Amino acid sequence: MAWNFETDPEFQKKLDWIEDFMRDEVEPVSQLGMAAFSSLGREKFIKPLQEKVKAQKLWACHLGPDLGGQGYGQLKLGLMNEKLGRNNLAPTVFGCQAPDSGNAEIIAHYGTDAQKERYLWPLLNGEIRSAFSMSEPTGGSDPLTFKTRAVLDGDEWVINGEKWFSTNARYSKVLVLYAVTDPDAKDPYKRTSIFLVPTDTPGVEIIRNVGVGAGGEIGGGNEGYVRYNNVRLPYDALLGERGAAFVIAQVRLSGGRVHHAMRTVGACKNALDLMCQRAVSRTTRDGKLADLQMVQADIADSWIQLESFRLMVLRTAWLIDKHQDYQMVRKDIAAIKVMMPRVYNDIATKAAHLHGALGVSNEMPFMHMVTSSLVMGIADGPTEVHKVTLAKQVLKDYRPDNDLFPAYHIPKLREAAQEKFAKELGELKAAYQARKDAAPA
């Protein structure tokens, strides 16, 4: 029986290296702020870290060897991302930052040779950034409500519409755009296509850059509000087949949802670690916080939530590796997507509260964590949608019972049991009667 929770010793060495590398090199650089993210700063600080990752053969491990990755299965990626998830810089250092990783995957799967040459290889090498331009200000991420249109004019597409929360649009060289090409198609899920749009194409307008969370200047964020004004593209700007956007999106989003959950495990572990460190360090009039039962209760609840979530995520990763089919694991992916924001929010909020006024200040990471937990309940589909998906997947294994009383009605079950064991019950009754007859008067 093949069932255990052990990690292969050779891969554990990789995980140990990641642990040390994160602590000693990635996390210090992440504290440099924009100094590390300017064009010169990236060359000085981030590129050398990426080279060290490549030397360890840990670069873009979600991709196959033909694309410069290791072709790791989801379980190995889960264990890796658990460590990467505690620091926002880590995905960039390891070549798996969103949205570039997901965009590169669909270009690798569906792109032409010319598209791969122009966009895929520069993305994989970290030379350019991309944006995922799907959601809209009117209907969010629901593809059946999209209003952005792409109309053929000769051999060119003419695109008009607006997109909302196109992450990193301001830094991108290419926008992965969803637009309705066949509004009258009988199948509503075949009305939309995907286009690769160079960000500097005439007619592409970034209206403003929206920030996430409170504070900061309006217009200074990374979530692009993008308008497409009569943007003209050649016919071959189409990615994949016409009308195939929904299918391509599922390939991209299913993996992305799992990877979000994997990294969130790491973020939750980081919040719990900081909470515990505070508990054993901070002294009140009655002793350390760790000695107070309500603090102990919060830590116990957080640990149980984290370990339950972690096991669900790794089990889902294992199932994906086993079946090699995201559709067969839809229920499990939906479940971890539902768990993710709740667990993250609960642990981060408890950690912030335990730190008092310092915890809610911008000198600690907890308010960013709380905001991130809210984002996780929206990104890649809102929690409510995933609950519906999960419920439908669970319910499809059940069949209706239309009798007046259900099959599990206790009187009905008792009657069936008595019928099944009628012979044995008769023998038992006769034995009791014989015992009674043999008893002295």
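Since this is a predicted model, take the numbers as computed values, not measurements.
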For this session: Take Ser133 and Tyr228 through the test side chain to side chain donor-acceptor pair (under 3.5 Å) and record every step on the way to the result.
Result: CA-CA 11 Å; Ser133 199; Tyr228 296 85; 2.9 Å; yes
For this session: Please test Asp380 against Lys337 for side chain to side chain contact (heavy atoms under 4.5 Å, CB included), starting from the C-alpha separation and ending with a verdict.
Result: CA-CA 9 Å; Asp380 292 345; Lys337 186 66 172 62; 4.0 Å; yes
Exercise. What's the verdict on salt bridge (charged side-chain N to carboxylate O under 4.0 Å, His left out) for Asp20 and Arg23, showing C-alpha distance, side-chain angles and the deciding distance?
Worked result: CA-CA 5 Å; Asp20 294 340; Arg23 181 189 63 247; 3.2 Å; yes
For this session: Using the side chain to side chain contact (heavy atoms under 4.5 Å, CB included) rule, take Leu238 and Arg242 through it: C-alpha gap first, then chi angles, then the decisive distance, then the call.
Result: CA-CA 7 Å; Leu238 196 67; Arg242 179 171 175 169; 3.9 Å; yes
Exercise. Would Ser141 and Phe165 count as a side chain to side chain contact (heavy atoms under 4.5 Å, CB included) if you check the C-alpha gap in whole Å, the side-chain angles of each, and the deciding distance to 0.1 Å?
Worked result: CA-CA 10 Å; Ser141 60; Phe165 258 56; over 6 Å; no
Exercise. Would Arg86 and Glu27 satisfy salt bridge (charged side-chain N to carboxylate O under 4.0 Å, His left out), going step by step from the backbone distance to the final call?
Worked result: CA-CA 9 Å; Arg86 72 172 187 237; Glu27 291 176 2; 2.5 Å; yes
Problem set entry | Steps toward side chain to side chain contact (heavy atoms under 4.5 Å, CB included) verdict (Ser302, Met275) | CA-CA 10 Å; Ser302 296; Met275 190 194 319; 3.6 Å; yes
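Ion pairing between Glu25 and Lys52 holds under the 4.0 Å rule for side-chain N and carboxylate O. Arg170 has no carboxylate O lying under 4.0 Å from a charged side-chain N of Glu223, or vice versa, which leaves the two without a salt bridge. With respect to Glu82 and Lys269, no salt bridge is recorded, no charged nitrogen being found less than 4.0 Å from a carboxylate O.
Residues His62 and Cys96 have side chains in contact (heavy-atom distance under 4.5 Å, counting atoms from C-beta outward).
Atom CH2 of Trp303 has 12 or fewer neighbouring heavy atoms from other residues, nucleotides or ligands inside a 6.0 Å radius. Heavy-atom contacts from other residues, nucleotides or ligands closer than 6.0 Å to NZ of Lys116 number more than 12. Heavy-atom neighbours of Gln250 CD from other residues, nucleotides or ligands within 6.0 Å: above the threshold of 12. The neighbour count for Gln296 CD, taken as heavy atoms of other residues, nucleotides or ligands under 6.0 Å away, is above 12.
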Result block: side-chain N/O donor-acceptor pairs under 3.5 angstrom for residues 346-353, not counting sequence neighbours:
residue	atom	partner	partner atom	Å
Asp346	OD2	Gln305	NE2	2.8
Thr349	OG1	Asn345	O	2.7
Thr349	OG1	Asn345	OD1	3.4

Side-chain donor-acceptor pairs of residues 317-332 under 3.5 Å, sequence neighbours excluded:
residue	atom	partner	partner atom	Å
Asp321	OD1	Gln74	N	2.6
Asp321	OD2	Gln74	N	3.2
Asp321	OD2	Leu75	N	3.0
Gln324	NE2	Asp321	O	2.9
Asp325	OD1	Gln327	N	2.9
Asp332	OD1	Arg315	NH1	2.8

Exercise answer: donor-acceptor pairs, residues 53-61 side-chain atoms, under 3.5 Å, sequence neighbours excluded:
residue	atom	partner	partner atom	Å
Trp59	NE1	Leu124	O	3.1

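With sequence neighbours excluded, the residues forming a side-chain contact (heavy atoms from CB on, under 4.5 Å) with Glu424 are Phe421, listed by chain and number. Residues passing the ring pair (Phe, Tyr, Trp, His ring centres under 6.0 Å) test with Phe366, sequence neighbours excluded: His355. Contacts of Phe146 classified as ring pair (Phe, Tyr, Trp, His ring centres under 6.0 Å), with partners at least two apart in sequence or in another chain: none. In this structure, Lys288 has no side-chain hydrogen bond (donor to acceptor under 3.5 Å, both in side chains) partners at least two apart in sequence or on a different chain. Under the rule for a ring pair (Phe, Tyr, Trp, His ring centres under 6.0 Å), the partners of Tyr72 that lie at least two apart in sequence or sit in another chain are Phe11.
Under the 3.5 Å distance criterion, with hydrogens and angles disregarded, no donor-acceptor pair is assigned to the side chains of Asp8 and Gln12. Remark: the His368 side chain and the Asn88 side chain contain an N/O donor-acceptor pair separated by less than 3.5 Å. For the 3.5 Å distance criterion, the side chains of Glu136 and Thr148 qualify, holding a donor opposite an acceptor. In this model, a donor atom of one side chain and an acceptor atom of the other lie less than 3.5 Å apart for Gln433 and Asp437.
The minimum heavy-atom distance linking Ala169 with Val226 is given by the pair CB-CG2, 4.1 Å. Minimum interatomic distance between Ala98 and Asn168 (heavy atoms only, all atoms of both residues): O-ND2, 4.1 Å.
Annotation: ring pair (Phe, Tyr, Trp, His ring centres under 6.0 Å) contacts involving residues 243-285, sequence neighbours excluded, comprise Tyr189-Phe246. Sorted by first and then second residue, the pairs that involve residues 383-412 and meet salt bridge (Lys or Arg N to Asp or Glu O under 4.0 Å), not counting sequence neighbours, are Asp403-Lys412. Listed by first and then second residue, the salt bridge (Lys or Arg N to Asp or Glu O under 4.0 Å) pairs involving residues 256-265 amount to none (not counting sequence neighbours). Counting only residues at least two apart or in different chains, side-chain hydrogen bond (donor to acceptor under 3.5 Å, both in side chains) contacts with residues 96-109 comprise Gln97-Asp100, Asp100-Arg129, Asp100-Ser130, Asn103-Ser130, Asn103-Arg252.
When ring centroids are compared, Tyr178 and Phe132 come within the 6.0 Å threshold.
Remark: side-chain polar atoms of Asn125 are paired, donor with acceptor, to backbone N or O of Trp121 under 3.5 angstrom.
Atom CG of Leu413 sits about 12.0 Å away from atom NZ of Lys420, to the nearest 0.5 Å. Remark: Asp298 CG to Leu354 CG distance equals 7.5 Å, nearest 0.5 Å.
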